[in-house]
Asks: 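I'd like to ask you about the structure that follows.
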Amino acid sequence: MLDFLGDLKRTHMCGELRPSDAGKQAVLMGWVNRRRDLGQIIFVDLRDRTGVTQVVFNHELNAAVHEKAEALRNEFVIAAIGTVKRRDADTINPNIPTGEVELVVSELRILNVSKALPFLPSDTVLANEEMRLKYRYIDLRRDAMQFNIKLRHDVALAIRANLAAQGFFEIETPFMTRSTPEGARDYLVPSRVQPGMFYALPQSPQLFKQILMISGFDKYFQIVRCFRDEDLRADRQPEFTQIDLEMSYPQPERVWEVVESFLTAAFKAAGHEIKTPFARMDFDDAIRQYGIDKPDLRVPAFTDAKDCFGPADLEQLAINKDLPVIAIRIPKVGELSRKERDDIKPLFVSKGGARVFEDFKRIENKFPEAGAKVRVKSGAAPDDLIVLVVGSVQSGTDTHPASKRKVTPAELAIYASAGLLRVALAQKYADRHGIFKKTGDPAKDYRFLWVTNFPMFEYDEGEKRWMAAHHPFTSPHDEDMDKLESDPAMVRALAYDVVLNGTELGSGSIRIHRQDIQSRIFSALGMSLEEARSRFGFFLEALEYGTPPHGGIALGLDRIVMILAGAESLREVIPFPKTAAAKDLMMEAPTPVAAAQLRDLGIGIVKK
RNA sequence: GGGGACGUAGUUCAGUUGGUUAGAACGCUGCCCUGUCACGGCAGAGGCCGCGGGUUCGAGUCCCGUCGUCCCCGCCA
């Protein structure tokens, strides 16, 4: 028979009691985390979100309560009423904050029972993710998840307070909005009142926040859910939370100051001090040094190894002398066995004819002079791993529209292949180089970076047209404005990404605030005036009514918390995440719906 | 859309070269135990080896398909 809570009031949380509370009456409520039944004496670790306290049922002191406690099992919910007692010196548990005290129970109320659980919050080995997601409410009881979710709260709160102090207003924007065909796939919501018509869930509040600048709010922010119907990754969920902001009259540097300020506050809330201003790097340099636009600065950059080899060497190795010769260096990997070297090959994803020499020892044996030069130039210690990535001689001539760029598409393919391999190797050998940990502790070494001067357009080979690299509302550089029509490949965008330890935290830009320039961009993207009018007419019109210069950025809250938590997946910091197939295993969403619901919406089922 | 890994008691895993009755730990049930704290001891219950097909005298083990979970490429303005 279960007890009622009645008017019983909790006096302390389970992580609170200290020796200074000795002698006090206390009422604790929580879950039975563990039970140790020694016969005449029963110990229960009582748990709530703050921690555990040992509560004692002693037959000698209170036979009736002791007998009642014999029924307790894992995850029962109880109220324990008793006296706080300082523990004898030889029974202190130094492993828990409450280890110097215990609660000697005089009254026990069993508020609820629990069936045997599929896994226990107190388990030392983790259940697999499928289990954890199906029984998410149990998984969330675990210390680690309680910590992560509280961390998320602390970080979000610090950011809100900081942005408010910097003069930003938090303003809500609609979730039921308009589908915009460019960019990610939209999640659609059918309209019942307008049969055959659809709302879309926002991929970001982009146009609303620009409109808010036109409306005179000057500084806007929102911690807001965004939705993208694309395939998932460890760091990508279909719904995710952004710290979205926009401000009037900023240069890029002004936006960066705002971001650096709230990130400082967020990291401080998590107990970390970070240095500002962040480092800055041109997109072109990021590609040439790291092969990626979100470099992890903790791991050594590429070494340009071309001048280490003579022309004959390159020919003999069938290396394309017109393309980059890249040495990737991963510190302290040590001697690799033949099998370990073979394991490197599958990590390599070749783009545009890139080749890998995963066995640098062989190159050193064959070309000792060149090998020595590579070692010196890259600053390699004897136990560092070196892998070469090069272009194959077959790589054809470059007729791509972007071939005039500082980094040509053919070069980009080599850099990008090497960039992916560098990251894969750094992760594979994380245990050896120790620059970052594979799992567990959060990084202590936070290397922030602003990546700037992205190209305005990327060429889509499939559609044979230029696409906006950031989004079509991004302003080109003032001095590149005249190349919009004549030479779109060379136009740089006033866009910037903020990167932390190889993760893209956020992306932003100075926006176009003039209707004439916005129209030219749409036209450069191959969009006719009529098409632009039908998709963004309201926005083009708004630009004509006195739009101030404005710009902003959006950062992924989930990713920030993930890094602070030392987690490898967003699912560790999102209470109710989706699987890689975008399913909710607990709710079992999505589901079919009743035919009547579809009829109301005017939707027929199309069978594949 | 493509590639890879995994799937065996409630849970986490082991299972040899294809061979008789599929094991361990934790959890669960019962009994014992007054200072444990991942308590300890004794006894017990618990298995369509994801699902379907095939090879074989014989399949947890080999092959094909399928479903699920994870990772990566594409994709993510």
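Proteins come first, then strands; the chains are lettered A, B, ... in the order of their sequence lines, and each starts at number 1.
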Asks: Does any N or O donor sit under 3.5 Å from an N or O acceptor when you compare the side chain of A:Arg35 with the base of B:C37?
Replies: no

Asks: Quick one: look up who B:A24 pairs with, Watson-Crick or G-U, both distances under 3.5 Å, and put none if it's unpaired.
Replies: B:U12

Asks: Let's test your reading of the model: under 3.5 Å, does the base of B:C75 pair with the side chain of A:Arg236 as donor and acceptor?
Replies: yes

Asks: Without hydrogens or angle criteria, can the side chains of A:Tyr496 and A:Asn453 be said to hold a donor-acceptor pair below 3.5 Å?
Replies: no

Asks: Does any nucleotide pair with B:U36 by Watson-Crick or G-U wobble geometry, both distances under 3.5 Å, and what is it?
Replies: none

Asks: The test is side chain to side chain contact (heavy atoms under 4.5 Å, CB included); show your working for A:Ile287 and A:Leu412 and say whether it passes.
Replies: CA-CA 7 Å; A:Ile287 295 299; A:Leu412 182 66; 3.5 Å; yes

Asks: Strictly by modelled atom types, are A:Gln54 and A:Arg36 linked by a side-chain donor-acceptor pair under 3.5 Å?
Replies: yes

Asks: Could you check whether the side chain of A:Asp231 and the base of B:G74 have a donor-acceptor pair of N or O atoms closer than 3.5 Å, going by distance alone?
Replies: yes

Asks: Send over the distance from A:Asp37 CG to B:G41 C1', rounded to a whole Å.
Replies: 13 Å

Asks: In whole angstrom, give me the gap between the C1' atoms of B:G65 and B:C72.
Replies: 24 Å

Asks: Only one of A:Arg185, A:Glu239, A:Arg236, A:Gln203 passes side chain to side chain contact (heavy atoms under 4.5 Å, CB included) with A:Arg228; say which it is.
Replies: A:Gln203

Asks: Is it the case that the base of B:G35 and the side chain of A:Glu102 share a donor-acceptor contact (distance under 3.5 Å, atom types as modelled)?
Replies: yes

Asks: Quickly work out the A:Glu75 CD to B:U11 P distance and round it to whole Å.
Replies: 17 Å

Asks: Would you say the base of B:G27 and the side-chain of A:Arg34 have a donor-acceptor pair closer than 3.5 Å?
Replies: no

Asks: Taking atom C1' in both B:C63 and B:A22, what distance in whole Å separates the two?
Replies: 23 Å

Asks: Just checking A:Asn74: base, sugar-phosphate only, or nothing, at a heavy-atom cut-off of under 4.0 Å?
Replies: sugar-phosphate

Asks: Does B:C42 have a Watson-Crick or wobble mate here (both distances under 3.5 Å), and if so which one?
Replies: B:G30

Asks: Counting heavy atoms from C-beta on, name the nucleotide in B:U34, B:C70, B:C73 closest to the side chain of A:Arg233.
Replies: B:C73

Asks: Could you give the distance separating B:A25 and B:U66 at their P atoms, to the nearest angstrom?
Replies: 39 Å

Asks: Under a 3.5 Å cut-off for both contacts, is B:G7 paired Watson-Crick or G-U wobble with anything, and if yes, with which nucleotide?
Replies: B:C67

Asks: Is there a Watson-Crick or G-U wobble partner for B:U17 with both distances under 3.5 Å, and if so, which one is it?
Replies: none

Asks: Should A:Phe119 be counted as stacked on B:U11, where stacking needs a ring-centre gap under 5.5 Å and an angle between planes under 30 degrees?
Replies: no

Asks: Report the nucleotide, chosen from B:U69, B:C37, B:G74, that has the shortest atom-to-atom distance to any side-chain atom of A:Gln54.
Replies: B:C37

Asks: Using the C1' atom in both, what is the distance from B:U8 to B:G15, to the nearest Å?
Replies: 9 Å

Asks: Between B:U69, B:C73, B:A38, which one does the side chain of A:Thr124 approach most closely?
Replies: B:A38

Asks: Could you tell me whether the side chain of A:Arg132 has a donor or acceptor atom within less than 3.5 Å of a complementary atom in the base of B:U11?
Replies: no

Asks: Go through the steps to decide whether A:Gln242 and A:Arg559 satisfy the test side chain to side chain donor-acceptor pair (under 3.5 Å), and finish with yes or no.
Replies: CA-CA 9 Å; A:Gln242 294 219 320; A:Arg559 286 183 181 177; over 6 Å; no

